[in-house]
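Taking it in order: structure first as structure tokens, then the write-up.
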Amino acid sequence: MADNIADNKLDWFRNAKYGLFIHWGLYTIPGGEWNGQLAPHGTEWIMKTMRIPLKDYRELLSRFDPDAFDPYYYVRRAKEWGMKYIVLTAKHHDGFALFDTKVSDYSVMHTPYGRDIVRQFSDACASEGLTFCVYYSQMQDWEDPDGNGNTWDYDPACQDFSRYFYGKVIPQVRELLTNYGKLGMIWFDTPYDMPVALCRELAGTVHACQPDCLINGRIGYGIGDFREAADNAIPLLSRSDPWESPMTLNHTWGYSRRDNDFKSPRQVLENLVRVVGKGGNLLLNVGPDEHGMIPAKSEEVLCAAGEWLRVNGESIYGTSGVPDFPYLIPWGGLTYSSCRRTLYLHVMHYPSYPYRLLLTGLETPVTGIRLLRSGAPLQFMQSYEPARDEHRLYISLPEVCPDTDDTVLAVSLSGPVSVQKI
Ligand code: H79
């Protein structure tokens with residue numbers, strides 16, 4: 001993407017690999033239910049999917065009072081879980097600001113809670129050494145008469161997008177970039193058909209305030225500093241430019257009273273390995289409840305994944321994408337560190353007798369293989385069959401699976417990884 005950006009500006013992002021997304025707003029309170037009716041997945045969309053009149057939705061302001069919220073709890077947990085950055089919804093599509101804004105009274109300051117949540121997160125992140133980032137819905141705003149998306153309270157024909165853009169978006173983005181210290185990134189979303197000139201102006205505003213603040217791909221038109229994958233999507237092929245996959249733990253971003261179908265720790269790790277192995281970052285979401293608490297099930301899963309990362313972090317942090325291998329890996333996935341010249345084999349489907357694993361297509365000679373967890377060396381056999389033009393690496397594994405979620409094997413290479421093209 002934008003190649004005028006100094007590479008070092010992206011260093012933190014390339015190294016981070018794993019971040020915490022936090023979707024929190026007025027939609028948190030109904031949690032996917034309105035007047036006894038269930039909203040579809042995407043509880044943060046409830047106002048739009050249920051066509052809730054603004055005058056009714058606004059009443060949530062008087063109920064916004066997260067009495068158990070502690071920003072340090074989030075930041076310390078995120079660190080324990082192995083995450084390196086936090087992205088908080090400063091303003092989602094409904095238009096409600098979680099920060100003290102001078103240009104709108106539709107904010108947390110006009111609720112019983114009355115305290116700036118963005119500030120509390122930015123302070124806690126600064127003191128705990130975690131990179132803080134904000135999400136800002138630039139195009140959609142269902143509260144502003146001139147914002148995009150609210151077709152049930154406002155007549156689109158009477159809307160003046162530039163009035164909203166210059167009256168709310170630019171001033172609020174300036175507030176976010178000047179009042180909360182250094183931001184790692186501003187995360188825009190749903191650019192739809194926003195004119196490219198306005199997208200450029202928005203990027204210019206961000207960079208004028210903080211030249212090092214990254215802008216994600218969803219500012220539109222390739223103006224961002226890195227590519228954002230589609231929601232809950234992982235590219236098929238490896239990419240060498242930086243990118244990110246935003247992902248939910250259940251099936252919604254905002255808190256849901258009903259959706260308890262959470263990914264298992266193993267599924268989280270599988271996604272992390274897939275994303276990191278293709279050169280990306282995983283931005284994994286939690287939706288705090290109306291008390292400001294992280295749902296217990298989310299915590300449980302992230303905590304277990306974090307324990308795995310404490311033992312196996314070498315196979316994630318400091319790695320780059322793996323070149324695409326010729327075949328799908330039936331037993332798991334791969335990550336790769338070019339500076340350590342090590343290929344990490346993530347065994348998520350442990351072989352049965354005779355406990356032998358096959359990797360096809362690795363051309364680089366292997367100098368040794370060890371179990372990452374214990375350092376125990378493993379027997380292996382590398383071969384090339386000219387008639388079939390096939391490179392094979394066979395590895396003998398212990399009979400007892402060391403980690404049923406993901407057993408990592410560190411494969412030392414004699415040079416940079418080279419993969420057979422077929
Ligand atoms: O913030 C999260 C989403 O709310 C936002 N992006 C992530 C990071 C997003 N904006 N638009 N979309 C996602 C795509 C829109 C999907 C929709 Fe639906 C399909 C909107 C209405 C139907 C999903 C299902 C949301 C509500 C029902």
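We number each residue from 1, following the sequence as shown. When a ligand or atom number is given, it counts from 1 through the structure's own listing order.
- Taking only nitrogen or oxygen atoms, main chain and side chain alike, D189 reaches within less than 3.5 Å of ligand 1.
- Ion pairing between K297 and D259 fails under the 4.0 Å rule for side-chain N and carboxylate O.
- Any N or O atom pair closer than 3.5 Å counts here, and T49 shares no such pair with ligand 1.
- Using a cut-off of 4.0 Å between Lys/Arg side-chain N and Asp/Glu carboxylate O, E143 and K91 are scored as not salt-bridged.
- Atoms of ligand 1 found under 4.0 Å from any heavy atom of E44, numbered from 1 in the order shown, are 2 (C), 3 (C), 4 (O).
- Within the listing of ligand 1, atoms 1 (O) sit less than 4.0 angstrom from a heavy atom of Y135.
- Between E80 and R76 there is no salt bridge, since no side-chain N of the basic residue sits under 4.0 Å from a carboxylate O of the acidic one.
- Scanning the protein heavy atoms around atom 7 (C) of ligand 1, the nearest turns out to be D231 OD2, 3.1 Å.
- In this structure, D144 contributes its side chain and G95 its backbone to no donor-acceptor pair below 3.5 Å.
- Outside the 6.0 Å centre-distance limit, the rings of Y180 and F132 are not counted as a close aromatic pair.
- Partners of R163 under the side-chain hydrogen bond (donor to acceptor under 3.5 Å, both in side chains) rule, at least two apart in sequence or in another chain, are D146.
- In terms of protein heavy-atom proximity, atom 26 (C) of ligand 1 is nearest to H41 O, 3.1 Å.
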Exercise for review: Go through the steps to decide whether R218 and D231 satisfy the test salt bridge (charged side-chain N to carboxylate O under 4.0 Å, His left out), and finish with yes or no.
Suggested key: CA-CA 11 Å; R218 291 203 198 154; D231 290 352; 2.7 Å; yes
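- Atom 18 (Fe) of ligand 1 lies below 4.0 Å from none of the non-hydrogen atoms of the protein.
- What sits closest to atom 10 (N) of ligand 1 on the protein, heavy atoms only, is H93 NE2, 3.0 Å.
- You'll find the side chain of T111 reaches within 4.5 Å of the side chain of F96, heavy atoms only.
- Screening W253, W34, Y57, W142 against W45 for a ring pair (Phe, Tyr, Trp, His ring centres under 6.0 Å) leaves a single residue, W142.
- Ranked by closest heavy atom to atom 2 (C) of ligand 1, the top entry among H23, H251, K48 is H23.
- Taking atom 15 (C) of ligand 1 as the reference point, the nearest protein heavy-atom neighbour is W45 CZ2, 3.7 Å.
- Of all the atoms in ligand 1, the ones that sit under 4.0 Å from a non-hydrogen atom of T190 are 10 (N), 11 (N).
- For atom 22 (C) of ligand 1, the nearest protein heavy atom lies 4.0 Å or farther away.
- Not a single heavy atom of Q140 sits closer than 4.0 Å to an atom of ligand 1.
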